[in-house]
Amino acid sequence: METRKTAVIIAAAGKGTRMGGGIPKQFMKISGIPMIIRTIGAFVNAGCSDRIFVVAGKDQLDETEKLVAEYGYADRVSLVEGGARRQDSIYEGLKAAAETDAEYVLIHDGARPFIHRETILAVLEAAEKHGAAVAAVPVKDSMRRSSGAVDREGLYSVQTPQGFRMKLILFAYEKAEKEGFEATDDATVAENAGFGVEIVDGTYDNIKVTTKEDMPMEMRAGTGFDVHGFTEGRPLVLGGVTIPYDKGLDGHSDADVLTHAVMDALLGAASAGDIGKHFPDTDDSWKNVSSMVLLEKTSEIIRNEGYTPSNIDVTLIAERPKISAYTGEMEENIAGALGIPKSAVSVKATTTEGLGFTGRGEGIAAQAVCMINK
């Protein structure tokens, strides 16, 4: 494929009201990276474009500009203010791109961040050969109208990118503007102007993120470990259960070592610091407080980051006391504080066969593993 100057237009002016969440969907993060940045990065990494024009709503330009600079794309990206409809926004982007010497243009939805490099290059190659091309996949589901079934043979789900000779698609959009012709995609605008459009094989994972169900589930794992020494004159609290024993654990709160390990695992999984950051022993408001209260607050912290606990597995390391009679209640307490089913929590115990400080009966250790979802 002979390389010619190519511009990319990324449509990101929508408000994404069907997504919910309180922010435009293009700013929502997927594995920690804003969706619009993932989309821009896909085209930068494809290495086939000279300039990328991101079309954003007037009230989204500042945030888009900030993200583009933050992720190092400022020298590759120009921002264009969009219009009321997608068609208006693309037309504004085309007029801006036409001021460059680009011979070809790729038009892509900002909410399709999972586009493959191979698809981008295939659409561009087809556009160079045929003048207009669109990524699409055959319809897999049975199709119906209200009046009855529709034969799905030859039916495609249309995707982006859609690629065009610059002069062709600019002419098509100018014609549509004069005629008041409306279309939901760029290939239809080209066809309205009398141009044929080549279909290029897309991929089924090149979805347009429209509702929250389209967002990939982000799963994270975390580990926690805590140790407390025995002391006289305190109750022994483990997993929110007071265990009959002649000693308790030394600590600022109730020193519930088992629950503290769970808290650190959750905070670590969410990259939200640790117990010492949120509940420091220099803060008297946490003195002698129940660790179940702290666990509930930990749950609030990670949920505010968008995460939900999935499961907890915690192991108590102690020579004594024996806790098998209390593990069910501990699991209920932890599950209740986190708002998850008891079946998602496992509490068990082991010894160190008399070795180390736990083997000598000097204290108790606990380690926890958790999974959280976003």
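No hydrogens, no waters, no symmetry mates; every other heavy atom, side chains included, goes into these values.
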Chemist: So which pairs with a foot in residues 185-197 pass side chain to side chain donor-acceptor pair (under 3.5 Å), sequence neighbours left out?
Modeler: Arg86-Asp186, Gln162-Asp185, Tyr173-Asp186, Glu179-Asn192, Asp185-Thr188

Chemist: Would you please name every residue forming a side-chain hydrogen bond (donor to acceptor under 3.5 Å, both in side chains) with Ser285, sequence neighbours left out?
Modeler: Asp283

Chemist: Before you tell me yes or no, could you show the steps for Asp254 and Ser291 under side-chain hydrogen bond (donor to acceptor under 3.5 Å, both in side chains), namely the whole-Å CA-CA distance, both residues' side-chain angles and the distance that decides it to 0.1 Å?
Modeler: CA-CA 6 Å; Asp254 63 1; Ser291 290; 2.5 Å; yes

Chemist: Would you mind checking if Lys95 and Glu92 are paired as a salt bridge, meaning a charged N to carboxylate O distance below 4.0 Å?
Modeler: yes

Chemist: Would you say Gln26 and Gln60 are linked by a side-chain donor-acceptor pair, where the criterion is simply a distance under 3.5 Å?
Modeler: yes

Chemist: Charged N to carboxylate O under 4.0 angstrom, Asp88 versus Arg85?
Modeler: yes

Chemist: Taking the side chain as every heavy atom from C-beta outward, state whether Ile10 and Ile36 have any atom pair closer than 4.5 Å.
Modeler: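 A side-chain contact under 4.5 Å exists here.
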
Chemist: Remaining members of Tyr204's ILVMFWY cluster at a side-chain heavy-atom cut-off under 4.5 Å?
Modeler: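 Same cluster as Tyr204: Val137.
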
Chemist: Side-chain contact test, heavy atoms from C-beta onward, threshold under 4.5 Å: evaluate it for Gln367 versus Leu258 and give yes or no.
Modeler: no

Chemist: Could you list the residues that satisfy side-chain hydrogen bond (donor to acceptor under 3.5 Å, both in side chains) with Ser49, not counting sequence neighbours?
Modeler: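 Partners of Ser49 by the side-chain hydrogen bond (donor to acceptor under 3.5 Å, both in side chains) criterion come out as none, since no residue qualifies.
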
Chemist: Suppose clustering is done on Ile, Leu, Val, Met, Phe, Trp and Tyr with side-chain heavy atoms closer than 4.5 Å. Which residues sit in the same group as Tyr156?
Modeler: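 Cluster partners of Tyr156: Val134, Val158, Val197, Ile199.
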
Chemist: Just wondering, more than 12 heavy atoms not from Lys342 lying within 6.0 Å of its NZ?
Modeler: yes

Chemist: Per the ring pair (Phe, Tyr, Trp, His ring centres under 6.0 Å) rule, what does the pair list look like for residues 111-143, sequence neighbours excluded?
Modeler: none

Chemist: Less than 4.5 Å apart, any side-chain heavy atom of Thr259 and any of Leu294?
Modeler: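 Counting from C-beta outward, Thr259 and Leu294 never come under 4.5 Å.
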
Chemist: Using the side chain to side chain contact (heavy atoms under 4.5 Å, CB included) criterion, which residues pair with Asp201? Sequence neighbours excluded.
Modeler: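 By the side chain to side chain contact (heavy atoms under 4.5 Å, CB included) rule, Asp201 matches no residue at all.
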
Chemist: Would you find more than 12 non-hydrogen atoms of other residues, nucleotides or ligands less than 6.0 Å from Lys29 atom NZ?
Modeler: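 Incorrect, the count does not exceed 12.
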
Chemist: Do Thr358 and Thr351 touch side chain to side chain, with heavy atoms closer than 4.5 Å?
Modeler: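 Answer no - side chains too far apart.
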
Chemist: Ring pair (Phe, Tyr, Trp, His ring centres under 6.0 Å): which pairs involve residues 217-258, sequence neighbours left out?
Modeler: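 Residue pairs passing ring pair (Phe, Tyr, Trp, His ring centres under 6.0 Å), neighbours aside: His228-His260, Phe230-Tyr245.
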
Chemist: Just grab all the salt bridge (Lys or Arg N to Asp or Glu O under 4.0 Å) pairs involving residues 345-368, residues at least two apart or on different chains.
Modeler: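 Every salt bridge (Lys or Arg N to Asp or Glu O under 4.0 Å) pair that includes a residue of residues 345-368, provided the two are not neighbours, is Asp313-Lys348, Arg360-Glu362.
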
Chemist: Taking only residues two or more places apart in sequence or in another chain, which ones pass side-chain hydrogen bond (donor to acceptor under 3.5 Å, both in side chains) with Tyr307?
Modeler: Glu218, Arg220

Chemist: Where do Ser78 and Arg51 land on the side-chain hydrogen bond (donor to acceptor under 3.5 Å, both in side chains) test, with the steps shown first?
Modeler: CA-CA 7 Å; Ser78 296; Arg51 195 73 186 165; 2.9 Å; yes

Chemist: Please give the remaining members of the hydrophobic cluster of Leu355, linking ILVMFWY side chains under 4.5 Å, ordered by chain and number.
Modeler: none

Chemist: For the atom pair CE (Met263) and CG (Leu295), what is the distance rounded to the nearest 0.5 Å?
Modeler: 6.5 Å

Chemist: Are Thr242 and Leu236 packed together at the side-chain level, in the sense that at least one heavy-atom pair is separated by less than 4.5 angstrom?
Modeler: no

Chemist: Are Val150 and Leu155 close enough that some pair of their side-chain heavy atoms sits under 4.5 Å apart?
Modeler: yes

Chemist: Do Glu177 and Tyr91 have side chains that approach each other closer than 4.5 Å (heavy atoms only, starting at C-beta)?
Modeler: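 Yes, their side chains come closer than 4.5 Å.
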
Chemist: Can you pull out every ring pair (Phe, Tyr, Trp, His ring centres under 6.0 Å) where at least one residue sits in residues 39-64? Sequence neighbours excluded, please.
Modeler: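 Sorted result for residues 39-64: Phe43-His108.
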
